[in-house]
Amino acid sequence: MRNKFLAVFLLAVWLCLAVACQSAQNATPKNSSNEQTYKEIPREIPKETPKNKPKKKKEGEADLLELVKLDDTIKLDIRYARNDNFVGRPVYKEARAFLQRDAAEALVRVHQKLKEQNLGLVIFDGYRPWSVTKLFWDVVPKHQRKFVANPKKGSKHNRGCAVDLSLFDLETGELIKMPSDFDEFNDKASPDYKGGTEKERESRDLLRKMMEAEDFTVNPKEWWHFDYKDWEKYKIFDIAFSEIKE
């Protein structure tokens with residue numbers, strides 16, 4: 001009898017232990033530390049943005065480029081930075097030339113095409129601060145004011161969309177002769193002047209042809225002065241060369 005009771009007791013203990021083990025298994029998370037599975041999480045790769053990326057210029061803002069930095073074979077003859085100009089003294093502190101981006105890039109294309117004929121562009125002036133235009137108006141005699149811009153209206157130079165230029169020989173570096181000199185305020189300055197030599201007129205007309213092919217228009221009073229298309233979209237600026245940041 002005693003043995004039978006002991007057997008029943010042991011069976012009860014075994015059953016209790018079995019129930020306890022089953023409960024412990026049910027309480028263990030499926031993804032336990034021994035059975036944990038890892039799911040790969042796709043990550044979006046951020047686009048790389050340069051820290052110093054320039055902001056896009058709004059229409060009409062100054063986006064002036066220095067011409068010789070686009071092509072260092074362009075020749076500069078900035079007389080307004082010297083004494084040999086109609087004012088008789090320097091009006092620029094630096095001998096530099098700038099144009100709005102589209103005009104500057106078009107000018108470089110003209111220069112590169114001219115190289116095929118062993119010629120290049122020589123720049124007398126590009127962007128001109130408004131204060132210099134006002135100075136020109138004040139010092140020029142009234143009968144010659146048709147050759148300078150009225151500061152009340154501003155100049156296309158003030159917008160960075162006008163350039164004064166000529167041709168030079170790539171081998172010698174000498175300027176090609178034209179019917180008149182730059183800033184010669186008389187009838188010889190007209191792009192349609194019939195005087196001068198045939199060679200001078202051919203050179204003048206070649207310059208005009210090459211510039212017009214890149215959307216420049218010659219000034220009716222000055223063979224050396226060309227305006228770039230859409231100039232009216234730009235504001236009048238009075239920024240010193242030293243303040244221009246490309």
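Computation of the quantities below employed the complete heavy-atom set of this structure, encompassing side-chain atoms and omitting hydrogens, waters and symmetry-equivalent molecules. Each residue takes its place number in the sequence, starting with 1.
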* Between D138 and K134, is there a side-chain N and carboxylate O pair less than 4.0 Å apart? -> yes
* Any side-chain heavy-atom pair of T133 and V148 under 4.5 Å -> no
* Same cluster or not: are W224 and W231 linked, directly or through other Ile, Leu, Val, Met, Phe, Trp or Tyr residues, by side-chain heavy atoms under 4.5 angstrom apart? -> no
* Asked: Are D192 and K194 close enough for a salt bridge, meaning some N to O gap below 4.0 Å?
  -> no
* Structure fact -> Taken in chain and number order and not counting sequence neighbours, the residues that satisfy ring pair (Phe, Tyr, Trp, His ring centres under 6.0 Å) with F168 are none
* Asked: Is the count of non-hydrogen atoms from other residues, nucleotides or ligands lying under 6.0 Å from E232 atom CD greater than 12?
  -> yes
* Verify salt bridge (charged side-chain N to carboxylate O under 4.0 Å, His left out) between R89 and D84, making sure each step is shown before the conclusion. => CA-CA 7 Å; R89 62 179 176 82; D84 56 335; over 6 Å; no
* Would you sort out whether K115 and D71 count as a salt bridge (charged side-chain N to carboxylate O under 4.0 Å, His left out), showing the intermediate values? => CA-CA 12 Å; K115 287 182 178 181; D71 190 327; 3.7 Å; yes
* **Under 3.5 Å donor-acceptor, E212 side chain and V218 backbone** => no
* Walk me through it: do F86 and F136 pass the test ring-ring contact (aromatic ring centres under 6.0 Å, His included)? => CA-CA 9 Å; F86 70 92; F136 287 174; 4.8 Å; yes
* Asked: Sequence neighbours excluded, which residues qualify as side-chain contact (heavy atoms from CB on, under 4.5 Å) partners of P179?
  -> Y193, E200, R201, R204
* **Greater than 12 external heavy atoms within 6.0 Å of D205's CG** => yes
* In terms of the angle between their ring planes, are H225 and H157 parallel, tilted or perpendicular, with boundaries placed at 30° and 60°? -> perpendicular
For residues 171-178, please give each side-chain donor-acceptor pair under 3.5 Å, one per line with the distance, not counting sequence neighbours.
| from | atom 1 | to | atom 2 | distance (Å) |
| --- | --- | --- | --- | --- |
| T172 | OG1 | E174 | N | 3.1 |

* Asked: Is NZ or CZ of R208 both nearer than 6.0 Å to the six-membered ring centre of W223 and within 45° of the ring axis?
  -> no
* Return yes if some donor-acceptor pair links the side-chain N/O of D63 with the main-chain N/O of R101 below 3.5 Å, else return no. => no
* Please examine the side chains of V122 and L167, heavy atoms only from C-beta on, and report whether any two atoms are closer than 4.5 Å. => no
* K199 atom NZ, over 12 foreign heavy atoms within 6.0 Å -> no
* Asked: Quick one: are K235 and R159 in side-chain contact, heavy atoms under 4.5 Å?
  -> no
* Asked: Between D238 and R128, is there a side-chain N and carboxylate O pair less than 4.0 Å apart?
  -> no
* Asked: Relative to the ring of F98, is the ring of F241 parallel (under 30°), tilted (30 to 60°) or perpendicular (over 60°)?
  -> tilted
* Start with the C-alpha gap between F237 and N158, add the side-chain angles, then the distance that decides, and say whether side chain to side chain contact (heavy atoms under 4.5 Å, CB included) holds. => CA-CA 5 Å; F237 300 100; N158 303 151; 5.9 Å; no
